[in-house]
Amino acid sequence: MALLERKDMGDMSSNNNSSTGTEVPQNMTIYINNLNEKIKIDKLKESLHAVFSQFGKILEILAFKTLKHKGQAWVVFEDVQSASNAMRQMQSFPFYDKPMRIQYAKTKSDIVAKADGTFVPREKRRRHEEKGKKKKDQHDANQVGAGLTPAYGGAYGTTPPLSQIPYPGGVKSMVPEAPAPPNNILFIQNLPNETTPMMLQMLFQQYPGFKEVRMVEAKPGIAFVEYGDEMQSTVAMHGLQGFKILQQNSMLITYAKK
DNA sequence: AGCACA
């Protein structure tokens with residue numbers, strides 16, 4: 001029953017932490033900016049959910065339209081592992097025509113604090129604030145992944161297909177489609193243009209049940225990879241999700257539509 | 001650019 005246990009891909013780019021000196025400790029919440037500000041908040045959250053739910057249970061998505069918080073969102077996962085995978089695999093992913101910038105959130109989300117019992121309402125919190133003092137306490141366990149109440153029954157229960165959502169800019173968006181049901185054929189997106197079928201075969205044939213790779217000349221950047229059955233394709237999908245053939249492009253793997 | 005808790 002333990003089909004796929006390995007969620008990590010520690011090989012190619014294990015430590016992606018030292019880019020611009022912006023090192024933030026791990027957190028089950030990811031902070032996203034450089035989001036397209038023309039997208040309305042509800043639609044934005046919906047699309048974010050469609051794109052990020054593949055990495056694990058999402059407890060909450062927060063986004064605001066105020067000047068200080070436009071173009072940003074917080075996605076709260078149930079555990080740090082999901083957040084890490086989401087960050088690594090969706091880093092720079094084109095979302096509504098803009099590459100997402102993803103980091104760990106700086107502080108623990110309220111919904112998480114509530115679940116682990118460390119939540120302190122904001123008013124009471126202010127009383128304890130001191131300036132100019134540097135104490136080393138309070139930086140406690142930020143990842144208590146267990147026993148959370150999935151308080152995420154929100155508006156995202158049934159996610160509609162999200163490909164090519166029109167938005168006020170009038171242009172076609174670049175949101176990946178909502179997950180298709182399991183299929184022995186995988187749909188690969190966001191490949192570099194110079195990707196060849198042979199390159200993909202090298203990658204995918206290492207997983208059992210591999211049958212063939214198909215690419216469409218007229219449509220660069222995508223491919224189909226077929227396996228014997230959907231359990232085999234699922235293993236391959238998890239093994240190669242987010243793989244970067246080039247530094248820039250994280251491949252996005254979903255099931256092909258039937 | 002911008003780290004919140006609608």
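Reminder, nothing fancy here: chain letters follow the sequence lines and each chain counts from 1. The basis for the numbers below is simple: all heavy atoms, side chains too, and nothing from hydrogens, waters or symmetry mates.
Taking the ring centre of A:F119 as origin, the terminal cationic atom of A:K114 falls inside the region bounded by 6.0 Å and 45° from the ring axis.
Interface remark: the A:E60 side chain does not form any donor-acceptor pair with the B:dC5 base, using a distance-only criterion of under 3.5 Å. Evaluation of atom-type donor-acceptor distances gives no pair under 3.5 Å for the side chain of A:T29 against the base of B:dA4.
Summarising the geometry, the separation between NZ on A:K106 and C1' on B:dC3 is reported as 5 Å, rounded to the nearest angstrom. Regarding A:N27, its CG atom lies at a distance of 13 Å from the C1' atom of B:dC5, rounded to whole Å. Put simply, CZ on A:F64 is 9 Å from P on B:dA4, counting in whole angstrom units. Separating the OH atom of A:Y104 from the P atom of B:dC3 is a distance of 19 Å, rounded to the nearest angstrom. Distance CG (A:D42) to C1' (B:dA6): 11 Å, rounded to an integer number of Å. Here the P atom of nucleotide B:dA1 and the CD atom of A:Q72 are 11 Å apart, to the nearest Å. The NE2-C1' distance, from A:H69 to B:dA6, rounds to 12 Å in whole Å. The CG-C1' distance, from A:L44 to B:dA6, rounds to 15 Å in whole Å.
Summary of the strand contacts: A:T66 and A:N34 both lie near DNA chain B, and taking for each the nucleotide with the nearest heavy atom, the more 5' one is attributed to A:N34.
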When the side chains of residues 197-206 of chain A are checked against the rest of the protein, which donor-acceptor pairs come out under 3.5 Å, sequence neighbours left out?
from, atom 1, to, atom 2, distance (Å)
A:Q201, NE2, A:Q205, OE1, 3.2
A:Q206, NE2, A:L203, O, 2.8

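With centres under 5.5 Å and a plane angle under 30°, the ring of A:W74 is stacked against the base of B:dA4.
Side-chain atoms of A:F95 and A:L48, non-hydrogen and from C-beta on, do get closer than 4.5 Å to each other.
Comparing B:dG2, B:dA4, B:dC3 by their nearest atom to the side chain of A:S109 picks out B:dA4.
In this structure A:E226 satisfies the side-chain hydrogen bond (donor to acceptor under 3.5 Å, both in side chains) test together with A:R214, sequence neighbours excluded.
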